[in-house]
Amino acid sequence: MSRSLTRAPAAPWTRLVQGELLVTAIAAAVLLLLGIFIVWPMVKVLWMSVLGPAGLTLGHYREFVSTWRLFRILLNSLAVAAVSTVLTVLLALVLAYAVTRTTIPGKRFVSLMSLLPLISPPFLVSLAFILLFGRNGVVTRWLGLGWSIYGFHGIVMAQVFSFLPQAYILLANVLGNIDTALEEAAENLGAGPLTTLWRVTLALARPGLASAALIVFILCMTDFGNPILVGGRYNVLATEIYSEVIGLNDFASAATMSVVLIVPCLIAYLLNAYWVGATSYVTVSASASTGARPTPALVRWPLFLLSGGIALFIAVIYGLIPLGSFVRLWGSDWSLALTHYAFKSTAEGAWPVWNSVKLAAVSGVVGTALALVTAYVIERKRPPGARAIEFLSLLPAALPGTVIGVGYILAFNVPPLSLTGTLSILVSSVVFWKFPVAVLAGINALKQIDPAIEEAAVSLGAGSVRTFGRVVLPLLTGTAFSIFVYFFINGMVTVSAVIFLIYPGFNLGSVAILNQVENGYPGVACALGTIILGIVIGTILLLRALVGGERVAILKT
Amino acid sequence: MKITLRGLSKRFGSAVAVDGLSLEVREGELVSLVGGSGCGKTTTLRMIAGFEAPDAGEIWFDDRLIGGVPPRQRGLGIVFQSYALFPTMTVAENIAFGLRVARWPEVGIRERVGEMIELMKLGGLERRYANQLSGGQQQRVALARALARKPPALLLDEPLSALDAKIRLRLRGEIRKIQQDLGITTVYVTHDQEEALSIADRIAVMRDGRIEQIGAPEQIYAAPRTDFVADFIGISNLLPCRVVSAAQGAVEWEGERLRARLPGRTDGERVMLSVRPEKLHLLAGGASGSEANRLEGVVEVITFLGPVVRVEVTVHGRPLWVDIPHAGARALERRKPVTLAFAADDAVILAPSDPGRDAIAR
């Protein structure tokens with residue numbers, strides 16, 4: 001005792017490495033990064049939207065509200081998001097109920113198919129719909145329809161199947177945790193199956209439904225890939241912002257629309273975080289029995305047909321992408337060939353895909369390290385400013401990718417941080433835009449670890465660094481790989497933010513798919529999509545084989 | 001090492017966890033902090049460990065004031081309620097962790113780990129992980145890990161609460177033996193009064209962030225100072241009485257005149273008379289005894305407790321417990337009248353710690 005207490009004070013630098021100073025320094029660094037890569041771009045967007053030729057002005061907003069052509073776009077966005085949200089949540093509810101609370105056959109297939117869109121570029125659904133219902137689509141041709149996918153209904157259909165997984169996971173989790181004893185109690189008290197479903201089960205799931213609806217609403221509002229592929233002449237804010245920047249180089253207008261787009265997203269985000277979060281019913285207890293109960297045939301078979309049908313349809317959608325890549329000319333020449341894999345329609349060949357791999361890998365490593373350190377600082381160390389770090393880390397969940405893209409151009413096109421035209425701007429856009437889910441995963445994993453384990457290490461003389469490195473980090477390997485996979489997938493499939501930030505000679509696979517569709521080469525787009533899907537699935541399987549299956553989870557947005 | 005606490009206080013928000021607590025743990029002594037949940041015993045331990053900073057008061061290790069010394073430099077051995085073994089390390093790695101941090105030479109580490117494995121009877125488990133051990137084995141590893149660095153003092157926070165009754169008894173004997181063999185100063189937090197009685201040199205009974213009474217187990221058991229202590233440590237029959245004559249040693253309870261020793265009491269004062277179940281006797285069938293006090297009652301419940309039989313007797317509408325040997329219980333029947341007897345010397349007179357509690361005290 002006397003040895004350790006009376007020894008000479010440690011040199012300042014050792015104290016810095018061992019003590020709370022280090023934590024404070026790390027917290028300050030994290031806060032600085034969040035300030036630069038989240039706050040600063042958004043400030044630039046806001047600034048640009050109120051900057052007129054002669055000082056500050058609200059003229060851009062006045063113009064937006066008073067010009068029907070522009071205001072109409074906001075209404076379009078809201079209408080698409082509202083309809084898509086309702087349909088998505090309803091479908092997800094049916095699927096989640098069928099999988100968690102009933103005894104229908106084929107649950108694993110339904111569950112697997114419901115999750116598939118999580119690991120693919122969201123607009124692959126649109127691409128598949130084009131193959132089915134486009135002007136040369138199988139169904140359109142076969143039935144000789146004068147109708148096609150492009151427009152409001154196309155966006156809605158594509159969004160429903162793109163964002164189904166997010167709603168499904170959330171609702172399956174909520175429904176799956178409801179104690180069956182509650183339903184049994186209701187029935188024991190004389191309630192019929194419908195009364196039980198409505199008054200007990202769904203009543204308990206209500207906060208979950210609200211949460212799912214708000215999250216899906218944000219995803220639909222900010223969705224860029226689907227509207228640009230199947231929107232036709234139906235404009236929404238996310239795509240119009242892109243046109244203003246890339247087509248017209250009108251940053252003021254783009255910034256104004258960005259702010260207009262952020263507002264409903266932010267409202268939905270805050271509602272979900274502070275209102276729904278506070279009302280959720282906790283019914284999980286250690287002794288709770290959860291799971292399926294015998295289902296009456298009258299409910300069972302319609303549910304089976306519906307959920308099985310949806311799952312099958314998703315399977316068909318994803319089957320169409322590789323199929324489309326092997327068919328010589330979709331809609332007219334059905335012979336199989338590998339011509340699309342020669343990538344003759346573009347000078348870049350398949351290079352954009354390898355650029356994507358590079359972006360995904362770097363984002364994965366950087367993002368995982370940053371997210372874990374941030375989660376540890378927020379959850380365990382709570383230095384001054386921890387709440388600000390937490391708020392800023394989670395805020396990007398409310399930010400549209402297009403707005404991030406615009407903000408990054410505005411913020412990083414000029415010194416002191418002129419990053420445009422470098423890989424680092426792409427990496428930071430992926431890392432910080434996708435930061436919330438990663439940080440939350442880290443926080444949740446840390447909450448599972450008994451704080452006494454860290455206290456034990458400290459009482460045995462270990463400092464902050466050693467405690468984190470030797471004791472905490474080894475417990476987080478599964479989480480770390482899950483976060484890596486999450487960033488990797490997003491690096492591979494993201495479009496909306498990076499489409500503003502790619503530079504000559506560095507196109508990305510996901511953007512190349514859009515280019516190929518726009519240029520009329522859906523087959524080549526399918527080939528690129530197939531390769532991307534293959535890489536993503538291959539990476540997940542490889543990591544699972546290396547680290548151990550269940551420990552690498554697929555995180556949801 | 002001697003641990004001295006002076007006027008230690010800690011609040012969490014508006015809740016007072018520890019309230020001006022003073023305590024001296026002598027060199028080589030095992031002091032048990034015992035009390036119900038929320039009495040401040042764990043908070044006190046965590047302040048000694050350095051995991052919580054006191055709002056007021058001082059902590060001394062021997063003659064050194066341990067003000068802002070961070071927990072990692074206090075050098076104490078700590079055993080946590082949840083054991084807190086490092087799940088990614090083997091038994092041997094867990095035990096060696098503190099030695100590695102202290103940069104012991106590799107040879108010394110191996111030797112010391114071997115010693116601890118032997119001391120804790122963990123032979124053959126060196127390469128196992130925590131989730132491959134039973135609760136009792138995990139507890140041994142936690143103790144080995146805490147003691148490996150030869151700490152000057154040991155802190156144990158409810159170390160046995162997660163274990164089965166049988167293993168709990170065996171381990172508590174082993175902990176006591178090792179503690180005495182090593183002569184290590186120890187603070188032992190538990191909510192289990194029986195555990196505290198059996199293991200401690202001295203017991204500090206805590207309530208509302210203060211020490212209600214501190215003393216050797218026999219002393220606390222035989223001479224509780226308040227009705228709270230009497231009730232918390234062991235089982236007591238508590239009778240709220242009024243002093244009739246302090247000089248003659250007479251009190252009155254429910255119209256009954258009872259004898260007890262009443263030094264320093266005044267006539268008319270309200271006191272609490274406490275008598276342990278084993279100090280009460282059952283006089284069956286008008287048998288006579290030498291005890292000064294007699295109470296008539298009716299047998300309510302007969303409970304078999306193993307070594308003794310506990311009989312609940314209703315006297316003046318109140319349940320009193322009597323522990324008697326098996327032989328005496330055979331003749332007993334529910335609803336039959338019996339006579340209870342106890343000696344004046346076996347009645348402990350306490351000041352009611354809270355007058356309002358008279359109404360609910362048994």
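The chains referred to below are lettered A, B, ... by the order of the sequence lines, with proteins before strands, and numbering in each begins at 1. Only a predicted model underlies this, so the values are computations on that prediction, with no experimental measurement involved.
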Colleague: Would you mind checking which part of B/Arg145 comes under 4.5 Å of any heavy atom in chain A, side chain (CB onward), backbone (N, CA, C, O), both or neither?
Modeller: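 Interface part for B/Arg145: both.
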
Colleague: Roughly how far apart are A/Arg470 CZ and B/Arg100 CZ, rounded to 0.5 Å?
Modeller: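 Here the interatomic distance stands at 7.5 Å.
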
Colleague: Search all heavy atoms of A/Ala452 against all heavy atoms of B/Ser82 and return the closest pair with its distance.
Modeller: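 Where A/Ala452 meets B/Ser82 most closely, the heavy atoms are CB-OG, 3.7 Å.
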
Colleague: What are the two closest heavy atoms between A/Ala462 and B/Val101, and how far apart are they?
Modeller: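 In this case the closest contact between A/Ala462 and B/Val101 is N-CG1, 3.7 Å.
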
Colleague: Heavy atoms only: give me the nearest A/Ser459-B/Phe80 pair and the separation to one decimal.
Modeller: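 Looking at all heavy atoms of both residues, the closest pair is OG-CE1, 4.4 Å.
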
Colleague: Which atom pair, heavy atoms only, marks the closest approach of A/Leu475 to B/Pro87?
Modeller: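 Scanning both residues, the minimum pair turns out to be CD2-CG, 3.3 Å.
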
Colleague: For B/Leu85, which atoms come within 4.5 Å of any heavy atom of chain A: side chain, backbone, both, or neither?
Modeller: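 Backbone only.
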
Colleague: Nearest 0.5 Å, what's the CZ-CZ distance between B/Phe97 and A/Arg466?
Modeller: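 The CZ atom of B/Phe97 sits 6.0 Å away from the CZ atom of A/Arg466.
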
Colleague: Hey, which of A/Asp450, A/Val471, A/Thr467 has the most heavy atom pairs under 4.5 Å with chain B?
Modeller: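 Most heavy-atom pairs under 4.5 Å with chain B: A/Val471.
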
Colleague: Just wondering, are more than 12 heavy atoms of other shown residues or ligands nearer than 6.0 Å to CD in B/Glu118?
Modeller: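 It does not: B/Glu118 CD has 12 such atoms or fewer within range.
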
